[in-house]
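Structure record follows, encoded as structure tokens.
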Amino acid sequence: MAVKDYIRERFFPHLWCPGCGHGIVLNSLLRAVEQLGMSKNEIVMVSGIGCSSRISGYVDFHTLHTLHGRALAFATGVKMSKPELNVIVPMGDGDALAIGGNHFIHAARRNIAMTALVMNNRIYGMTGGQYSPLSGYGCQATTSPFGNIDYSFDIAELAKAAGATYVARTTTYHAKQMTEMIRDAVLHDGFSVVEILTQCPTYYGRRNRLGDAAEMMDWYKSHTTPIGSKAKEENPSLIERGVFVQRDKPEYCTEYDKVIEKARGGQA
Amino acid sequence: MAKAKLKEHLINREWCKGCGICVHFCPKNVLELDAQEKVFAARPEDCICCRLCEIRCPDLAIEILTEKQEASENGKSA
Ligand SMILES: Cc1ncc(C[n+]2csc(CCOP(=O)(O)OP(=O)(O)O)c2C)c(N)n1
Ligand code: SF4
Ligand code: SF4
Ligand code: SF4
């Protein structure tokens, strides 16, 4: 199927601002699904609230648009009742790691097979540019006019420590890599996290004088490096890109099936 | 792999928001924004069909059609 067969064209042009990186995530995601050759009926997208979460309205899969921070909880319910479906959960950095932080670590701990896409624009876009747990020390946001004093999470480290079995990071500049990672994350039998650095030119970009959308993507190019590169050794401030974790561990729904089996005392 | 030959830059003017991402990252400087801030292929003869514009467009507004491959079904209906 062509990429455009996977969208709800009647809702286009979409509501995101000109140059918003969330649109590039949508673009790469559609290409990943196309590469997987899945039918629209095999995929469920569950999202919370935020500019990023609006992505679920644009794709023609089974979709659920739920509560801010709670997408993974709803997605867990879907996956437990229909484990044969592929569950994809796009989330903003605020959605995933501020209000939704607990759901995030526990989904990772359980290793339930679904794909969390953390669309990290380092800001609350939808509500007007408040700082998030990913904004970074020293940044400008509407709620930190004198500079932010909160340090950021490292999403990949956090996901890894919490137990996620596929963890990767890329950016909207690296759209091809993003497609490959989303494809591999969906295929992975366990909790997968793909962190995508995505520009919010309207709030993060403007407040922090990072230029237009294309210039913000230039920044992703110049400030990231493949994991373990020589450049990283020489300049530790570079952000690493690539697959941090990819390992096998018993998956939650499969383990749960075994519990059901035991509870039935072996009788079908 | 046979080299793809450009047929057309299929641009959806209703969807294009003139963000300039495709213009900025085109390695051959093929694209420009017009007076209405919509993208157009100013130098199509220089296009190498790398599709970098297509995969980075946040609005799914630009598609590269090559000789061997037909437009996607929805593109055709435009
Ligand atoms: C329970 C609840 N608290 C707060 C809000 C308000 N709210 C909506 S979106 C949002 C944050 C959006 O930021 P993020 O999740 O990073 O996504 P983005 O818009 O940047 O893509 C907040 C605080 C809400 N809708 N529900
Ligand atoms: S406010 Fe930011 S995140 Fe929201 S649509 Fe605009 S650019 Fe994208
Ligand atoms: S990237 Fe897309 S929306 Fe932006 S100018 Fe090019 S065609 Fe238009
Ligand atoms: S396909 Fe490549 S060369 Fe052609 S317009 Fe797009 S980015 Fe430029």
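The sequence lines fix the lettering, A, B, ..., with proteins before strands; numbering per chain opens at 1. Owing to the predicted nature of the structure, the values given are computational and were not obtained by experimental measurement.
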Could you go through A:D218 and B:H24, starting from their C-alpha distance and side-chain angles, then the distance that decides it, and tell me whether this counts as side-chain hydrogen bond (donor to acceptor under 3.5 Å, both in side chains)? CA-CA 10 Å; A:D218 275 333; B:H24 185 87; 2.6 Å; yes
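Judged by distance alone, with hydrogens and angles left aside, the side-chain atoms of B:K17 form no donor-acceptor pair with the main-chain N or O of A:C20 at under 3.5 Å. Of the possible polar contacts, none joining the A:N27 side chain to the B:L60 backbone as a donor-acceptor pair under 3.5 Å is found.
When side chains are defined from C-beta on, B:E14 does not count as touching A:F12, because their heavy atoms never get closer than 4.5 Å. Looking only at side-chain heavy atoms (C-beta outward), A:I24 and B:I21 come within less than 4.5 Å of each other. Within the 4.5 Å cutoff, side-chain heavy atoms of B:W15 are placed close to those of A:E9.
Expressed to the nearest 0.5 Å, how far CD1 of B:I55 lies from CE of A:M178 amounts to 8.5 Å. For the atom pair NE2 (A:H14) and CG (B:D59), the distance works out to 3.5 Å, reported to the nearest 0.5 Å.
Remark: A:R183 pairs with no residue by the salt bridge (charged side-chain N to carboxylate O under 4.0 Å, His left out) rule, at least two apart or across chains.
Heavy-atom distances place no part of A:Y58 under 4.5 Å from chain B, backbone and side chain included.
Considering every non-hydrogen atom in both B:P58 and A:G19, the closest pair reads CG-CA, 4.2 Å. Across A:Y173 and B:R56, no two heavy atoms sit closer than the pair O-NE, 2.8 Å.
Residues from residues 30-42 of chain A that place a non-hydrogen atom less than 4.5 Å from a non-hydrogen atom of chain B comprise A:L30, A:R31, given in numerical order.
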